[in-house]
Amino acid sequence: MALNVPGLVVMAVFYLLILGTGIWASMRSRKVEKKSTGDGMEITLLAGRNINLLVGIFTLTATWVGGGFILGIAEATYNPTLGAVWALMPVPYVLTFFLGGFFFAKPMRENNYLTMMDPFQKKYGNFLSSALIFPALVADVLWVARTLVSLGGTMSVILDLSYVYSIIISSVVAIIYTLLGGLYSVAYTDVIQLILIFVSLWVCVPFLLTNPHSVDISLTAYNQTFQAPWVGTVELDEAGKWFDDFMLLALGGLAYQAFYQRILSASSYTQAQVTCFASSAFCLVLGIPSVLVGAVAASTDWNSTSYGLPTPYERDQAGSILPIALQYLTPTYISIIGIGAVAAAVMSSMDSALLSSASLFSSNIYKNIIRKQASDYEMQWVIRISVVVVGLAGTALTFLDSSVLVFWLVGVDMSYTIMFPQLVCILFFKVSNGYGATVGYLMGLILRVLSGEPLIGLPPAIQFPGCRLDAEGRLTQFFPFRTAIMIMSLLSILLFSYLASIVFNKGLLSEKWDVFKIKRKQKPSARAVDDKRTNADNEEASAAKQLLETSSYGTIDEDFVQHHSKFFVVITLRSGRCDLGSLLPNIISCLMLLCRECSYISQHSIS
């Protein structure tokens, strides 16, 4: 197959359009920054907390509807061992956005946090927060990798362009416009990208459904034809794994910085809620075309196409089934439109992951730990360097595995088992503290590693009930072990936080061992307040008496002293506890009062 020149030209136009939008948005960002009284980091990372409602809905939806979303759904639907019932992404994401809107948006937005990790840093300190940031950064890097894998595979199939070149070009374009304008560039390019995704996918669907090489998908939904029914089944002994995957996708997304970046950029909590609810509907609609593509591919006689046998699944190309179906089951110009949808989806997710990881590193590590006195100009460069580093790291990972689902599940896995319970505790349980968070973090991490992961070839050291070989001969946990680990981690955080608070607040352990400073400060009792007030009155009376007895001018009129002695006492008391800025005006007032006193005494002496 020769290089598809028309397709390459169309892709070049698309990339120029996206790049041009990013440059325009970066110019808008600079204008807003000049007018704004806030700092530059807030403009870059959160668009000045004044993102337009419609733009906010588009950018949140586009962040979730990425290359992994589109290709992953098609891959799962087509895969004979899975089917559409295992293509879970759209429905769990509806739950993600509703839970986020109802419960998580309010505490994050009303506290005006800059990143998802701010509440951790505020309560736990820098050391523990740095450890908690690590899984969030890894998840973002894997996010970049899975989006690039999806685009590289699509371009290599439809354009016959080298896999390496496809990934590098896409990565460079996304990095450039993310560097230029921060969230403004990301958000406004997401608007164009989401429109392209919606239009392109739905344009391709009628051609796929009516191609001559496939039978009616309604006939193959529940019947064995060319392969197992594309709807798929969930056997009773697989129900635990299905439930685990569902909860992983539904709750794991709530521990992504990219989600909160959109929430925190809204002008109010109400706007953040509306953004979440509207985005959930878009996710459902945009998931349907990918399901249909997988269903058509499962209903196709591949021997009658130029692709031939063996089938894509047998050639281990199930991860690229969407571009393969577009290439061999639709006209050339339609397949080019389809690759535009994939490219738009990839770019919309990749730029979000780049900015998300840059936000965490620049704000929570560099600004709050490494250089607290860093200027806005310096922070802009830190953000840019972070974007480049994460982009290069994610690009490098794409050459290790070609399955979109591998990066998808491993990345969201870390967010679900480690970060989600931490986030729930920090936002909704006041008892949580650094000791509980440390135990929960270690427990979640250790149990997750020991549970194994067949997608990356890690055998399980702990075998939960139902652990057995899957259809591909890999030892797999069919128990909802990730959900179990998440719950154990959450309970560990609460239990050990409570125990630690008892140990230190009851004095069972010396305060010098309290490295996280969780011991409560005792509030003064009512009796102590009364005693303090009595002492102040005694000091005032003493000062008045001293003023009467020590005047160098003889006896001062007692009415004068009673009128002014309280003022002298206040001066005396304040001088012991205020800084010079507060003391100076009082000294001046005192001198003026002394002058009046001298005048008063002189008049009485003359008379």
Side-chain angles (χ1 to χ4, degrees), residues 68-69 71-89 91-92 142 145-146 149-150 153 220-252 290-291 294-295 297-298 310-322 324 400-417 447-486:
F69 180 93
L71 269 71
I73 292 174
E75 177 183 353
T77 305
Y78 165 71
N79 193 321
T81 64
L82 298 175
V85 293
W86 292 89
L88 297 170
M89 288 81 162
V91 179
L142 292 175
R146 74 171 180 251
V149 163
S150 59
T220 59
Y222 300 99
N223 300 305
Q224 177 89 23
T225 309
F226 303 109
Q227 63 176 55
W230 61 265
V231 170
T233 58
V234 180
E235 302 295 338
L236 184 61
D237 58 356
E238 297 176 328
K241 188 175 187 302
W242 185 92
F243 174 77
D244 205 28
D245 289 348
F246 184 94
M247 297 303 292
L248 170 76
L249 294 170
L251 302 181
S290 293
V291 173
T311 64
Y313 176 74
E314 293 167 341
R315 297 188 194 185
D316 197 26
Q317 292 184 333
S320 300
I321 192 59
L322 188 143
I324 290 174
L400 299 180
D401 198 292
S402 61
S403 174
V404 177
L405 285 177
V406 170
F407 291 116
W408 182 286
L409 292 175
V410 173
V412 76
D413 200 320
M414 296 189 68
S415 297
Y416 180 50
T417 56
L447 287 177
R448 185 61 194 92
V449 172
L450 294 179
S451 300
E453 181 51 65
L455 290 174
I456 58 176
L458 181 65
I462 300 175
Q463 296 188 15
F464 290 86
C467 183
R468 64 182 186 275
L469 296 176
D470 62 9
E472 298 178 2
R474 300 174 301 188
L475 193 60
T476 305
Q477 307 273 13
F478 284 85
F479 183 81
F481 71 102
R482 287 173 296 205
T483 301
I485 292 172
M486 183 273 292

In a check of side-chain contact (heavy atoms from CB on, under 4.5 Å) between R448 and each of M486, E453, M414, which one passes? E453
Side chain to side chain contact (heavy atoms under 4.5 Å, CB included) assessment of I485 paired with Y416: CA-CA 9 Å; I485 292 172; Y416 180 50; over 6 Å; no
Is the shortest side-chain heavy-atom distance between [X] and [Y] below 4.5 Å?
{"X": "E235", "Y": "F478", "answer": "no"}
{"X": "V234", "Y": "K241", "answer": "no"}
{"X": "E75", "Y": "L82", "answer": "no"}
{"X": "P460", "Y": "L475", "answer": "yes"}
{"X": "V85", "Y": "T233", "answer": "no"}
{"X": "Q224", "Y": "P229", "answer": "yes"}

Atom [atom1] in [X], atom [atom2] in [Y]: separation rounded to 0.5 Å?
{"X": "L248", "Y": "T483", "atom1": "CG", "atom2": "OG1", "answer": "7.5 Å"}
{"X": "W86", "Y": "F246", "atom1": "CH2", "atom2": "CZ", "answer": "13.0 Å"}
{"X": "T417", "Y": "L251", "atom1": "OG1", "atom2": "CG", "answer": "12.0 Å"}

Minimum heavy-atom separation for [X] and [Y], please, with both atom names.
{"X": "V291", "Y": "T77", "value": "O-CG2, 3.5 Å"}
{"X": "L71", "Y": "G319", "value": "CD2-O, 3.8 Å"}
{"X": "P480", "Y": "D244", "value": "CA-CG, 3.5 Å"}
{"X": "P92", "Y": "L249", "value": "CB-CB, 3.8 Å"}

Report the residues that fulfil side-chain contact (heavy atoms from CB on, under 4.5 Å) with F464, sequence neighbours left out, ordered by chain and then residue number. S451, I462, Q477, F479, F481
By side-chain contact (heavy atoms from CB on, under 4.5 Å) - contacts of Y313 (at least two apart):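 Counting only residues at least two positions away or on another chain, Y313 forms a side-chain contact (heavy atoms from CB on, under 4.5 Å) with Y78, N79, P80, T81, T311, A318, E472.
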Could you walk me through whether R482 and D245 pass side chain to side chain contact (heavy atoms under 4.5 Å, CB included), step by step? CA-CA 9 Å; R482 287 173 296 205; D245 289 348; 2.3 Å; yes
Any sub-3.5 Å donor-acceptor pair from R315's side-chain atoms to P310's backbone N or O? yes
